[in-house]
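Lettering of chains follows the sequences in order, A, B, ..., and the numbering in each one begins at 1.
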2 protein chains.
Amino acid sequence: MNATSPEAPPGNRRKPDPDSRRREICDAAIELLAEDGVKGLSHLKVDRRLALPDGTTSFYFRTRSALVHALAQRVAERDLSELTAATEFQANAAPGPSGLARLVMAAATGEPFARTKARYELMLQANRDPDLAAVVHSNSDRFLGLIRDFVERMNPQGAAIPRMVLDQQAYVLTQLISGIMLAFTAGDGTITDAGELDRIMAAVVAGIAGAH
Amino acid sequence: MNATSPEAPPGNRRKPDPDSRRREICDAAIELLAEDGVKGLSHLKVDRRLALPDGTTSFYFRTRSALVHALAQRVAERDLSELTAATEFQANAAPGPSGLARLVMAAATGEPFARTKARYELMLQANRDPDLAAVVHSNSDRFLGLIRDFVERMNPQGAAIPRMVLDQQAYVLTQLISGIMLAFTAGDGTITDAGELDRIMAAVVAGIAGAH
């Protein structure tokens, strides 16, 4: 591999901002992973997608492993910013569907859809890559944490829900959402709006509270 | 590619049973897909895993696509035989956890675990392959059908559950199980026994009935 940036020949001081370039490369890699799976991802394909000189992606991420890990970090970073926005939306007690339900429904369209598909590719890939598993698991834990906050607000005001019940509500809701989002990637369109998803989530949470 | 079977040189009449050989090849391909993903699957790797002469898998399945489709059919065939067994178990009203809960828990260990992982690899792959999508969707529909039968028995005896509610119960339970089984592949061990899963499923079904 060539240690000189294809974008920055010696003496040329007008380098692009490396952090923006890394983000741009990761976003293109997410799209490729979503479209063609692990087989469809290569340094050269990222270069071509971004119309960058051949070798640019290799300059920023030397190995395939470095590229995949950076891509997973980028997914986590964008997920977190979305989750934070959804939580704030919720805290403002805005009318209409919850921030969580909106977020899940939005995951089936546009840019978030590529990220949804990439997230499942990474989950399966994590079975074979302990470092990647660490990133994926920390992202899952963050999601579970958001769901737990959400569930706490769903239970009736003043009800003293035992921690064990709250944990089960959060776990079940997390796996339900995971299954629904995976079904989206396979073209499922059973749930059509965030309000319907909110009613389902409320029914599930109430059902588990009622069983204890 | 060579049109002569590496196992059956002209004049040799002691051919192995082709159907058993195809099944054996598909089972090995399922293991490879589970272990190493789509990248880890090749005709030659199947030959080597089964200690068959190089070219045997290519003789039975000419193309990569033929091998992947046959593998998906084999997953569906084994799933169906398991589902049927689970349903019969249920119909006999055996004591202890339900056949469905046992089946889900069993999917996290041993031979069924390879099939679980392979099923998710195939689901993601189906996004890029309409023929494969047809096999995967028909398998999903069969699973949804079993869940619907299961849910019908879970609702209180004599209760007239509207079709719409039954459909929602079955859909939610299906996606919940899909999410839980996917979590298993990522090493999750939150649910430890079939009895616990049965209580969760009953709570979810009751919660949805209660919301209508």
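Interface remark: of the candidates A:I177, A:T174, A:T190, A:V205, A:T190 forms the most heavy-atom pairs closer than 4.5 Å to chain B. Ranked by heavy-atom pairs under 4.5 Å with chain B, the list A:I208, A:V172, A:V204, A:L173 is led by A:V172. Contact count versus chain B (heavy atoms, under 4.5 Å) is highest, among A:R199, A:K117, A:E121, for A:E121. Residue with the most contacts toward chain B among A:D188, A:L124, A:I200: A:L124 (heavy-atom pairs, distance under 4.5 Å).
When A:I180, A:L182, A:I191 are each tested for a side-chain contact (heavy atoms from CB on, under 4.5 Å) with B:Q175, only one passes: A:I180.
Of the atoms belonging to B:Y120, heavy atoms from both backbone and side chain fall under 4.5 Å from chain A. Looking at B:E196, the atoms closer than 4.5 Å to chain A (heavy atoms on both sides) all sit in the side chain, from C-beta outward. Heavy atoms closer than 4.5 Å to chain B are found in both the backbone and the side chain of A:A186. Neither the backbone nor the side chain of A:H212 comes within contact range of chain B; no heavy atoms are under 4.5 Å apart.
Between B:L33 and A:R128, the shortest heavy-atom contact is O-NH2, 3.6 Å. For B:G179 against A:S178, the heavy-atom pair with the smallest separation is CA-OG, 4.1 Å.
Heavy-atom proximity under 4.5 angstrom to chain A picks out B:A34, B:E35, B:D36, B:G37, B:V38, B:K39 from residues 34-48 of chain B.
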